[in-house]
Amino acid sequence: MSPAEERLKALGHALPTVGKPLFSYVPFRRAGDVAYISGQVPRHPDGSLTTGKVGEALGLEEARAAAVLCGLHILAVAREAAGSLEKVEVLKVFGMVNAVPDYGDQPKVIDACSNLLVEVLGERGRHARSAVGMGSLPSNVPVEIEAVIRILD
C-alpha cells in the first residue's frame, strides 16, 4: 500500500472501484503527462447515489459528504491513470453544485473534496479550483467534480 493510500485508510476511506461509464465517454483522457478526469458523482459502494438539491433537500454537511465521495472517485481514476497515487499531482478541480438559485456556499461544498485531496496527497494535492452553482445535474446528484492531474515520473 502506498503512503497516500495509507493516509486515505487512516482517514477512514477506501478507494472505490472505477466503474464503466454509462454513456459515450471515458473515465480519463491522457495527453502526455496530463490527464483529464471526467466528472465524478457521489456514488456509494453499493452503487446508489446521493441525490437532492443543496439548500432544499440537502444541507451543507450532506453536500460536503457528497463532495468527499466525488473526491474518492477522482483519486481512484487518478490512480488508474497514473498507476499509483504517488505519481499524481492535482492541477485543477472544477466543482459543480446542484443548488437552489440563491445558494452561495458552493466553495464550502467543494472544499470538502479539496481538503481530501490535500490530506491524501499532501502538497501534490493542492490545486487551482472553480466552484459553481448549477440549476441541475445528472440523476439529480448534488455535486459533480472533475479534475486535471499531472502524472509524475
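All heavy atoms count here, side chains included; hydrogens, waters and symmetry mates do not. Just so it is clear, the model here is predicted, and its values are computed rather than measured.
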Is the shortest heavy-atom distance from the side chain of [X] to the side chain of [Y] under 4.5 Å?
X: Val109; Y: Asp111; answer: no
X: Val68; Y: His13; answer: yes
X: Val90; Y: Leu121; answer: yes
X: Arg43; Y: Leu49; answer: yes
X: Gln106; Y: Met96; answer: no
X: Leu60; Y: Lys108; answer: yes
X: Leu69; Y: Thr50; answer: yes
X: Val148; Y: Val34; answer: yes

Ignoring hydrogens and geometry, is there a side-chain-to-backbone donor-acceptor pair from Asn98 to Val141 under 3.5 Å? yes
His73 (side chain) donor-acceptor with Gly71 (main chain) under 3.5 angstrom: no
Taking all non-hydrogen atoms of both residues, which atom of [X] and which atom of [Y] are closest, and how far apart?
X: Pro142; Y: Ala66; value: CG-CB, 3.9 Å
X: Thr51; Y: Leu58; value: O-CD1, 3.6 Å
X: Val54; Y: Ala63; value: CG2-CB, 3.7 Å
X: Ala76; Y: Leu15; value: N-CD2, 3.9 Å
X: Ala112; Y: Ala67; value: CB-CB, 4.2 Å

How many angstroms lie between [atom1] in [X] and [atom2] in [Y], if you round to the nearest 0.5 Å?
X: Arg79; Y: Leu8; atom1: CZ; atom2: CG; answer: 9.0 Å
X: Leu117; Y: Asn115; atom1: CG; atom2: CG; answer: 9.0 Å
X: Leu91; Y: His127; atom1: CG; atom2: NE2; answer: 10.5 Å
X: Leu75; Y: Glu80; atom1: CG; atom2: CD; answer: 13.0 Å

Apply side-chain contact (heavy atoms from CB on, under 4.5 Å) to Glu144 and Gln40, showing your working. CA-CA 5 Å; Glu144 181 174 348; Gln40 301 298 309; over 6 Å; no
Kindly work out whether a path of hydrophobic side-chain contacts (I/L/V/M/F/W/Y, heavy atoms less than 4.5 Å apart) joins [X] to [Y].
X: Val18; Y: Leu85; value: yes
X: Tyr36; Y: Phe28; value: no
X: Ile149; Y: Leu116; value: yes
X: Leu72; Y: Leu11; value: yes

Considering only NZ, NE, NH1 and NH2 on the basic side and carboxylate oxygens on the acidic side, decide whether Lys92 and Glu146 come within less than 4.0 Å. no
Keeping to residues at least two apart or across chains, list the salt bridge (Lys or Arg N to Asp or Glu O under 4.0 Å) pairs with something in residues 44-57. none
Of all pairs that satisfy salt bridge (Lys or Arg N to Asp or Glu O under 4.0 Å), the ones with a partner from residues 114-125, not counting sequence neighbours: Glu86-Arg124, Glu123-Arg126
Can a side-chain donor-acceptor contact be found between Ser114 and Arg129 if the only test is distance below 3.5 angstrom? yes
Tell me whether the count of non-hydrogen atoms from other residues, nucleotides or ligands lying under 6.0 Å of CZ in Arg29 goes above 12. no
Verdict with supporting geometry, Val88 and Leu152, side-chain contact (heavy atoms from CB on, under 4.5 Å): CA-CA 6 Å; Val88 172; Leu152 307 171; over 6 Å; no
Scan Ile145, Ile37, Val132 and name whichever one has a side chain to side chain contact (heavy atoms under 4.5 Å, CB included) with Phe94. Val132
Step by step, work out the side-chain contact (heavy atoms from CB on, under 4.5 Å) result for Val143 and Ile110. CA-CA 8 Å; Val143 182; Ile110 303 305; 3.9 Å; yes
